[in-house]
S.K.: 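Just dropping this structure here.
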Amino acid sequence: MGDSVLGLVVTEELFTTFPDLDESKLSPLRSGVVNMRALAALARDLNLGEYLRIGKGEETTGGRDKNSILADTLEALIGAIYLQCGFTETARIILQWFKPIIEAANAQGVGLDGKTALQELTAARSLGSPEYLVEESGPDHDKSFTAVALISGESFAMGYGKSKREAEQAAARLAYEDLIGRK
């Protein structure tokens, strides 16, 4: 439930904050704000990991700091706040937590298409222009493409698609998220 409430609040905030952006820009911006890495980072800021009840196996393998567990925990907390306090109060809390993330995502160009956003990020970090290695497979009537995003000669992400452009965009979005996570 928390993920749905979070998605609604963030989507409405983006829609009202950036009224001139169309869906092709708003959707990646939303994805840049509401993703596992961003949720886990916020959960770390809130020290949620120290309050988790986890099994011995997870404890010994660092479960209190795993992105997936922290992101799920934050979504569960949002769901609990919603059940306890209602939508208005939950939206206020979500916006308090997520305003800086929304502002950072917009400043970093997350609303741009994947390749443009990655290009701008690598330029800002003096990493040179991203390159893409693309392979195609399948018969002419049903081609599939795989693209690997290379930044400074390092493979960052692999994307798939039914066209070369689609595969490159997918690889660029994944590479962008990876780079953002590395700060």
Side-chain angles (χ1 to χ4, degrees), residues 1-55 58-59 61-118 120-121 124 149 156-157 159-161 166 169-183:
M1 179 185 314
D3 61 332
S4 295
V5 175
L6 174 62
L8 176 61
V9 171
V10 169
T11 301
E12 180 182 39
E13 179 66 15
L14 292 173
F15 185 76
T16 56
T17 303
F18 307 107
D20 296 332
L21 293 182
D22 62 23
E23 182 188 359
S24 69
K25 301 280 192 289
L26 284 174
S27 185
L29 183 56
R30 181 185 177 280
S31 295
V33 173
V34 182
N35 63 55
M36 184 182 355
R37 185 172 284 124
L39 296 178
L42 179 56
R44 282 186 190 92
D45 290 346
L46 297 172
N47 296 315
L48 292 184
E50 70 183 75
Y51 300 102
L52 295 176
R53 292 179 60 185
I54 58 177
E58 283 294 346
E59 190 72 62
T61 60
R64 291 184 186 281
D65 196 46
K66 284 186 180 172
N67 281 351
S68 60
I69 292 174
L70 289 171
D72 289 347
T73 300
L74 181 61
E75 289 175 345
L77 176 61
I78 290 169
I81 293 169
Y82 171 74
L83 290 174
Q84 185 70 37
C85 302
F87 183 77
T88 303
E89 181 63 12
T90 306
R92 186 192 67 74
I93 292 168
I94 288 171
L95 291 176
Q96 179 181 337
W97 288 342
F98 280 84
K99 274 280 196 187
I101 298 168
I102 291 169
E103 290 167 2
N106 183 53
Q108 293 167 347
V110 176
L112 302 171
D113 72 85
K115 288 178 71 173
T116 304
L118 182 60
E120 290 185 4
L121 182 59
F156 266 75
Y160 305 93
E166 189 178 307
Q169 286 288 350
R173 282 189 297 275
L174 293 170
Y176 180 93
E177 288 182 17
D178 189 10
L179 264 181
I180 288 295
R182 295 182 186 198
K183 298 211 178 200

S.K.: Roughly how far, to the nearest 0.5 Å, is the CG atom of D72 from the CG atom of L48?
M.R.: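 That separation rounds to 12.0 Å.
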S.K.: Rounded at 0.5 Å granularity, tell me how far OG in S31 sits from CZ in R173.
M.R.: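 That separation rounds to 8.5 Å.
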S.K.: Around atom OH of Y82, are there more than 12 heavy atoms from other residues, nucleotides or ligands closer than 6.0 Å?
M.R.: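 Open.
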S.K.: Flag the pair L8 / F87 as yes when at least one side-chain heavy-atom distance between them is below 4.5 Å, and no otherwise.
M.R.: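 Contact flag for L8/F87 side chains = yes.
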S.K.: Where the side chain of D178 meets the backbone of L174, is there a donor-acceptor pair that is under 3.5 Å apart?
M.R.: no
S.K.: Can you find a pair of side-chain heavy atoms, one from I78 and one from M1, that are under 4.5 Å apart?
M.R.: no
S.K.: Around atom CD of E89, are there more than 12 heavy atoms from other residues, nucleotides or ligands closer than 6.0 Å?
M.R.: yes
S.K.: Is there a side-chain contact between I102 and F18 (heavy atoms, below 4.5 Å)?
M.R.: yes
S.K.: Are side-chain heavy atoms of L70 and L39 found at a separation under 4.5 Å?
M.R.: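 No - every pair of side-chain heavy atoms lies 4.5 Å or more apart.
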S.K.: Got W97 and D45 here, is their nearest side-chain heavy-atom distance under 4.5 Å?
M.R.: no
S.K.: Who are the salt bridge (Lys or Arg N to Asp or Glu O under 4.0 Å) partners of R37, not counting sequence neighbours?
M.R.: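 Checked R37 against salt bridge (Lys or Arg N to Asp or Glu O under 4.0 Å); zero matches.
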S.K.: Using only heavy-atom distances, determine whether the side chains of R44 and N67 contain a donor-acceptor pair under 3.5 Å.
M.R.: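 Their side chains do contain a donor-acceptor pair, which is all the 3.5 Å distance test asks for.
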S.K.: Of the non-hydrogen atoms in A149 and A175, which two are nearest, and what is the gap between them?
M.R.: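 A149 and A175 have their closest heavy atoms at CB-CB, 3.9 Å.
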S.K.: Rounded to the nearest 0.5 Å, what separates atom CD in E12 from atom CG in L95?
M.R.: 8.5 Å
S.K.: To the nearest 0.5 Å, what is the distance between CG (L77) and OG1 (T73)?
M.R.: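 It is 9.0 Å, given to the nearest 0.5 Å.
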S.K.: Can L42 and F98 be said to form a side chain to side chain contact (heavy atoms under 4.5 Å, CB included), step by step?
M.R.: CA-CA 8 Å; L42 179 56; F98 280 84; 3.5 Å; yes
S.K.: Do E13 and K99 meet the salt-bridge criterion of a basic N to acidic O distance under 4.0 Å?
M.R.: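 Looking at E13 together with K99, the answer is yes, because their closest N to O distance falls below 4.0 Å.
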S.K.: Go through the steps to decide whether T90 and I94 satisfy the test side chain to side chain contact (heavy atoms under 4.5 Å, CB included), and finish with yes or no.
M.R.: CA-CA 6 Å; T90 306; I94 288 171; 3.8 Å; yes
S.K.: Any idea which heavy atoms bring A38 and N35 closest together, and the distance?
M.R.: N-OD1, 2.7 Å
S.K.: Could you tell me whether the side chain of T17 and the main chain of L14 form a donor-acceptor pair under 3.5 Å?
M.R.: no
S.K.: Give me the atom names and distance for the closest heavy-atom approach of A170 to G159.
M.R.: CB-CA, 3.8 Å
S.K.: May I ask you to check whether over 12 heavy atoms, not counting those of F15, lie within 6.0 Å of atom CZ?
M.R.: no
S.K.: Going by an N to O cut-off under 4.0 Å, is there a salt bridge joining R64 and E59?
M.R.: yes
S.K.: Might you confirm whether atom CD of Q84 has over 12 heavy atoms from other residues, nucleotides or ligands at distances under 6.0 Å?
M.R.: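 Atom CD in Q84 is not packed in, count stays at 12 or less.
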S.K.: Carefully, step by step, assess F156 and L118 under the rule side chain to side chain contact (heavy atoms under 4.5 Å, CB included).
M.R.: CA-CA 11 Å; F156 266 75; L118 182 60; over 6 Å; no
